[in-house]
Amino acid sequence: MRAFQFVEWQRPGQLRDVPVPEPGPGEVLVKVGGAGACHSDLHLLELPAGSRSFALPFTLGHENAGWVERLGPGATGFAAGDAVIVYGPWGCGLCMNCRQGMENYCQTPGRPSPGGLGGTDGGMAEYLLVPSTRYLIPLGDLDPRGAAPLSDAGLTSYHAVKRSVHLLGPGSTAVVIGAGGLGQMAIQVLKALCGATTVVAVDLSADKLVIAKDMGADETLVSGDAAVAAVRAITKGQGAEVVLDLVGVTPTLTMAAQMARVLGHLTIVGVGGAALPVNFSSPPHECAVASPFWGSIPELIEVIALATAGKITTLVEHFTLDEAAHAYHLLHDGQIQGRAVISPHG
Ligand SMILES: [Zn+2]
Ligand SMILES: [Zn+2]
C-alpha cells in the first residue's frame, strides 16, 4: 500500500510503498477514510536531526477515522465495515491516568506513542494498524472522511474548553486566538457548552475571521494592540474569563496575557513554542495558566455526540495521498481555511 511518511529530518514527507500491516492479537486494521494534516506535523518535520529518540521512517497522520477492515485474534466488539474514529494518544492502558481514559497523560515512560506523531505508523496510508479496540469510537452515521478532524482538532479544543466551563456563565467572555482548524472547533464547542458566554475570535487573517463568525463567534478582531483594547472594552475593563491561545507564538501569548482577567484562565494550546513571561503582575493576579495536551477517551465520545447532534461541524478540504505533500505546503503557507484531510480511498 502507499503511505505518506516522515523519512528524513528537516525534509518534507514522502509517499512510499509499504506492506499492509497484519493485525496481531487484540489489534485492529482500519481502512483509512480520512487522515487530517495538523500543524504539529509541520513542527515535527522541521526538527533538527536526532532531536527526538524515535526512528525514521514512519507514516504521518495522527487524526484518523475510517472503517474496520479486519480484527486481529481476540479483538471483539466491532465488525468489518463499522465506521470508527481513532483515539490518537496510545498509552499503556494500565496506569491510573490511562484507566481514567486519559491516555494522553499516560504515566509510563515513553508513552503515549501516538500513531503518526513519533515513530509509530499513523493514518496517512490506505490502512492503519490500531493497537486496541479501546481506541475505536463508533461514528454511527457520520462520514469518516469528514469526521477525522474530530479526533485531534475537535478533541483538543473540547478538552481545552471543558476545563474552564465553570468560569463561562452569563455575562462572561471567552477569547479564541487563532481561527484555523482548532479555533473553529473551539468557537463551536464554546457556543455548545457555554451558550451564554460572549465568544471573541482573534486572527491575523480577515478570511479566517469571516469563517469564525459563521462558526458562531459573537465578535471578531484582527490581532494586535487594537484587539487587546477591544477585549478590555467588551469586558468593561475586566478582561476575559478565559483566553485560549491556539497559536503559541510571542505576539499571541503577549495578547493573551493582556486580554485575561484576574482569576481567569489562560490556556496555551498552540504548539508555537514561545515562552509566556510570568511575574507578580502579569498575567493578572491568580490567572491560572495551563498547557493541555489532546484529550481523554470519554471526551472523544462526547465530541462525537456533539457532532452527531449537529452542534459542531468541520470545514474540510479533501486531498488524495498523491496530494499530501501539496496539502502540507498549503498548510505551511496558511492557505488551508479549515482542516486538510487526506482521503486515501477517495
Ligand atoms: Zn495534531
Ligand atoms: Zn498509561
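All ligand and atom numbering here is 1-based and tracks the order in the structure. Keep in mind that this is a model prediction, so the values were computed, not measured.
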So does [X] pair up with [Y], basic N to acidic O under 4.0 Å?
X: D218; Y: K213; value: no
X: R339; Y: E317; value: no
X: R111; Y: E103; value: no
X: E126; Y: R2; value: yes

### Query
Is the distance between the Zn ion (ligand 1) and the nearest N/O/S atom of H39 smaller than 2.8 Å?
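So H39 does not bind the Zn ion (ligand 1) by this criterion.
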
### Query
Can the ring centroids of W294 and H62 be said to lie less than 6.0 angstrom from one another?
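Ring centroids of W294 and H62 are less than 6.0 Å from each other.
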
### Query
Which protein atoms of type N, O or S are found under 2.8 Å from the Zn ion (ligand 2)?
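The answer is C92 SG, C95 SG, C98 SG, C106 SG.
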
### Task
Identify the two heavy atoms, one from C194 and one from V165, that lie closest to each other, and give their separation to 0.1 Å.
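Scanning both residues, the minimum pair turns out to be SG-CG2, 4.0 Å.
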
### Query
Just by modelled atom types, is the P149 backbone N or O under 3.5 Å from a matching donor or acceptor in the D152 side chain?
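No; zero donor-acceptor contacts below 3.5 Å.
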
### Task
Name whichever N, O or S atom of D152 ends up nearest to the Zn ion (ligand 1).
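The D152 atom nearest to the Zn ion (ligand 1), restricting to N, O or S, is OD2.
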
